[in-house]
Amino acid sequence: MSWFSLSRFFAVLRKEFIQMRRDRVTFAMMIGLPIVQLMLFGFAINSDPRHLPTLVEINDDGPLVRAVLAGMATSDYFDFIGTVHGPAAGDDALRRGTASFVVVIPADFERDVMRGRHPDLLIAADAADPAAVGGAAAALGGIVSVASAQTLTGPLASLAGSPAPFGIIVHRQYNPEGRTSTNIVPGLLAIILSMTMVMITAVAIVKERERGTMEMLISTPVKPLEVMLGKILPYVLVGYVQTTVFLLAAFVVFGVPFEGSFLAFFIGFNLFILGNLALGFLISTLARSQMQAMQLSFFTILPSILLSGFMFPFAGMPGWAQTLGSAVPATHFIRLVRKVMLKGADSADVAGQFGALAAIMVVFAVLAMLRYRQTLD
Amino acid sequence: MSEAAVIDVQGLTKTFGSKLVVDHFDIVVPRGAIYGFLGPNGSGKTTTIRMLCGLLEPDAGAGTCLGFDVRRQAGEIKKQVGYMTQKFSLYEDLSIRENLDFVAQMYGVKNRKDRVRTALLDLGLADRAGQLAGTLSGGWKQRLALAACLIHDPQLLLLDEPTAGVDPKARRDFWDEIRRLSKAGVTVLVSTHYMDEAVQCDFITYIAYGKKLIDGPAAEIATMVGLTTWRAEGPDLAALEAELGGQAGVAQIARFGSTLHVSGTDATALETTVRRLEASGQHVWSLQPAGLEEAFIYLMAGAQDNFARDVP
């Protein structure tokens, strides 16, 4: 068989396996990626999140109210975290993201039910991420009919039938139409910035080492900080351009509003970019080739997509995954962007995100500095 | 040590992982000298040069380079050293002028624009200054690299196999330049594999498997090794080579074109052997002046291969 030599074919095959084994990073990626994905998709991601933080504004009390609230609490969907007084406090909690729902029991609710006046139970939902609250909102109907059937017994049993003796009005705030694009587009900014910032920085630095120009560079009296800043700053500008283009496109093409403070956005966005650049620099100290730098960058971007609340609701993840997700800068940036763009937040509202982004950036930067060597060792 | 020494280091040692790459290396380079750094591939020449200019931190050893401590004052040393890497290490995607300008800025060269213009003129590349460095041929890349490492008028040049892969004409021009610089007071440490370059040096050190085997004035090295070499001319040298193997006084046999060089340290024993073979009348024998190449091959054969053993 002259057209196909088995021994040549096996020689190529064998050589490929040898090279695969020698390239540790690639090998680790091949084994590690599927495991990470399996864990994330299998355990962490839940597109029908439960245990959403819920506040109650109680203006009436009685057996029916208690039954409805108990039904909500036992449904897994709602975790009651407290009570509020007055509509302002509830709105504030929704805007700051401390609560996903505020249940408002109107005054004289019980009496109006008994009299057959068909009052409304008001539920304000943070619909910035429609997927996060959709399941819970849909489950409300069932919870309410069970609660009323349990409470309205005896002479009141006639009220318990359908239609329900009271209505439920779910008020979707911040994204009244429940459009996915409104939520996805701001989140996408975080992902795009992560991808380009981390990857470009890592590759740009590793390239110097791979091509040998780093040896020339560090044989001159140049200082590490000069190299670091000089190499990073151009990509900060790239990030600025990307973001400007992105925001314009989001507004013009998708009609995503920008409700909040530009200053808050600007501060958060710079912290986020710097954090990503520091991560890119850190990766460049670990990778030996541009290919490895690409792979490692991609590896760090996975959690930004899967654990940050970008693709899947953050509240739907188990505790450990939420902890993991909190270490990802994109998580905080996505929250910040959604709050500022959709909920009209200002700097004070997103101070927590500023803090988290700054802390993550400092950690990455310190690690990168510690690992960076101005020698070839 | 001496006041005039530009490089004066003792006991320089470097290991990578479990590999001992440079083993207690001493070197003293007088000011203005051309110092040849010879040794087989992988003998630790590049590692030593990198330690001298602060790119690698020695595991042990101490000394000075241009009067600065090699361990603690790398920053000061870098300012006055021009280092030419073995592999072309300028930016291939920058133009010739941009590369020179960049390097000049790294060293904080005064009157940078003028200095770069002069360098371009000296190079003979003034009309091609906008060409990308990556598109230059090997010889031109080498000249550009030399120009770049001279741009800040260094006192010491560290050249790591600067002429590897360069044609003979370019090599000769390069050495003319090196001698000119040396006359102007620049000290040059240059590693090479070429014997014709080695003989142009004032001093030579020969290193193998990380250990220094010999050093001294280039003209005396061959004599210092103490090798006597006879040259044989005639038919069927392969048979002669086989016959010579293991004979008294024969330490090394090497083919040089159509001649055979037979060397040994025991001149009397070697001569006895040669005279006996000469009697057969088949070959013409003559005594060779002491040569560097035979000396190095001889030294190399006796050196211990450090890379075959792990560091305890």
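Everything numeric in this text was worked out from a predicted model, so none of it was measured. Within every chain, numbering begins at 1; the chains are lettered A, B, ... in the order of the sequence lines, protein sequences first and strands thereafter.
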#### Entry: Gap separating the OG atom of Ser219(A) from the CE atom of Met84(B), nearest 0.5 angstrom
12.0 Å
### Spacing of CE belonging to Met214(A) relative to CG belonging to Leu55(B), to within rounding of 0.5 Å
11.5 Å
Give, as side chain, backbone, both or neither, the part of [X] having an atom under 4.5 angstrom from any heavy atom of chain A.
X         : result
Val81(B)  : neither
Phe102(B) : side chain
Lys87(B)  : side chain

Taking everything shown except [X] itself, do over 12 heavy atoms lie less than 6.0 Å from its [atom1]?
X         : atom1 : value
Met294(A) : CE    : no
Phe354(A) : CZ    : yes
Arg97(B)  : CZ    : no

#### Entry: Glu226(A), part contacting chain B, at a heavy-atom distance under 4.5 Å
neither
### Nearest atoms (heavy-atom pairs only) where Gly212(A) meets Ser89(B)
O-CB, 3.2 Å
### Query
Of the non-hydrogen atoms in Met216(A) and Val103(B), which two are nearest, and what is the gap between them?
SD-CG2, 4.0 Å
### Task
Quick one: do Tyr83(B) and Ile218(A) satisfy side-chain contact (heavy atoms from CB on, under 4.5 Å)? Show the steps, please.
CA-CA 10 Å; Tyr83(B) 169 47; Ile218(A) 63 176; over 6 Å; no
### Query
How about Arg211(A) and Asp93(B): do any of their side-chain heavy atoms sit closer than 4.5 Å?
yes
